[in-house]
Amino acid sequence: MAESTSHKKTKAKAAGRNGKTEAPLSGGRRLDALTQSGHRATEVERSGTSAGLSKAARRLRDSGASQKVLQVPQKDMTAAIKAMKKTGVAGSVKNMSGTKRKSVR
């Protein structure tokens, strides 16, 4: 399924000017965005399903970045926090526009 334009824009913004989108991970997986320095990894998950959120959290866990951000629509923020806690990923969950951010420890 093709990515929506909002998904592409969000990935590009998260990567920054010199960052990478679709950064490779082990097992043939890809991370949505990684900054140039590699400190911040961002996954954009718009589906809202628990399976999709868990997969995104696992990709963040395996990224090796010190800052991990899961970006989801506002209505899915609580489910995203639960998925990150269940997978054991510390980081933050933010909404698509970036106006709200919740920390996960």
Side-chain angles (χ1 to χ4, degrees):
M1 188 170 170
E3 287 180 344
S4 67
T5 54
S6 64
H7 188 109
K8 288 180 189 177
K9 284 179 185 179
T10 306
K11 281 192 329 185
K13 186 175 180 181
R17 179 182 285 173
N18 296 319
K20 289 194 286 187
T21 59
E22 298 294 323
L25 291 174
S26 63
R29 298 174 299 161
R30 294 189 170 272
L31 187 67
D32 276 342
L34 191 64
T35 56
Q36 180 186 11
S37 60
H39 290 306
R40 182 181 300 132
T42 305
E43 260 305 309
V44 179
E45 183 56 42
R46 298 180 53 83
S47 72
T49 63
S50 59
L53 291 169
S54 294
K55 283 183 181 181
R58 277 186 248 125
R59 287 192 295 267
L60 284 173
R61 181 190 62 200
D62 298 339
S63 69
S66 57
Q67 295 179 359
K68 298 165 184 70
V69 179
L70 181 55
Q71 200 161 355
V72 297
Q74 174 103 25
K75 62 183 171 128
D76 299 329
M77 283 184 73
T78 53
I81 292 169
K82 287 178 186 174
M84 284 185 73
K85 284 183 179 178
K86 185 177 178 183
T87 356
V89 180
S92 60
V93 175
K94 70 179 194 174
N95 65 350
M96 294 302 287
S97 63
T99 57
K100 304 238 186 301
R101 180 183 294 263
K102 297 284 184 181
S103 245
V104 179
R105 297 177 191 260

So which atom in [X] and which in [Y] form the shortest heavy-atom distance, rounded to 0.1 Å?
{"X": "Gly52", "Y": "Ser47", "value": "CA-OG, 4.2 Å"}
{"X": "Leu25", "Y": "Ser63", "value": "CD2-CA, 3.8 Å"}
{"X": "Asp76", "Y": "Gly48", "value": "OD2-CA, 3.3 Å"}
{"X": "Leu53", "Y": "Ala83", "value": "CB-CB, 3.8 Å"}
{"X": "Met84", "Y": "Ala90", "value": "CE-C, 4.3 Å"}
{"X": "Lys11", "Y": "Ala33", "value": "O-CB, 3.6 Å"}

Would you give the length of the straight line joining atom [atom1] of [X] to atom [atom2] of [Y], rounded to the nearest 0.5 angstrom?
{"X": "His39", "Y": "Leu34", "atom1": "NE2", "atom2": "CG", "answer": "10.0 Å"}
{"X": "Arg59", "Y": "Arg30", "atom1": "CZ", "atom2": "CZ", "answer": "12.0 Å"}
{"X": "Arg61", "Y": "Ser54", "atom1": "CZ", "atom2": "OG", "answer": "10.0 Å"}
{"X": "Lys55", "Y": "Thr87", "atom1": "NZ", "atom2": "OG1", "answer": "13.0 Å"}
{"X": "Gln71", "Y": "Ser92", "atom1": "CD", "atom2": "OG", "answer": "9.0 Å"}
{"X": "Lys9", "Y": "Met96", "atom1": "NZ", "atom2": "CE", "answer": "11.5 Å"}

Taking the side chain as everything from C-beta on, heavy atoms only, tell me whether Val104 gets closer than 4.5 Å to Val89.
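SC-SC contact between Val104 and Val89 ruled out.
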Is the shortest side-chain heavy-atom distance between Lys86 and Ser50 below 4.5 Å?
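A side-chain contact under 4.5 Å is absent here.
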Using atom types as modelled and distance alone, determine if a side-chain donor or acceptor of Glu43 lies under 3.5 Å from a backbone N or O of Asp32.
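Answer holds: yes.
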Give a yes or no answer on whether the side chain of Asn95 reaches the backbone of Lys100 with a donor-acceptor pair at less than 3.5 Å.
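Checked: pair present.
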Chi angles and distances behind the side chain to side chain contact (heavy atoms under 4.5 Å, CB included) call for Leu31, Leu60
CA-CA 7 Å; Leu31 187 67; Leu60 284 173; 4.3 Å; yes
Going through the distances and angles, do Thr35 and Arg40 end up as a side-chain hydrogen bond (donor to acceptor under 3.5 Å, both in side chains)?
CA-CA 6 Å; Thr35 56; Arg40 182 181 300 132; over 6 Å; no
Passes side chain to side chain contact (heavy atoms under 4.5 Å, CB included), Thr10 versus Arg46? Steps please.
CA-CA 11 Å; Thr10 306; Arg46 298 180 53 83; 5.7 Å; no
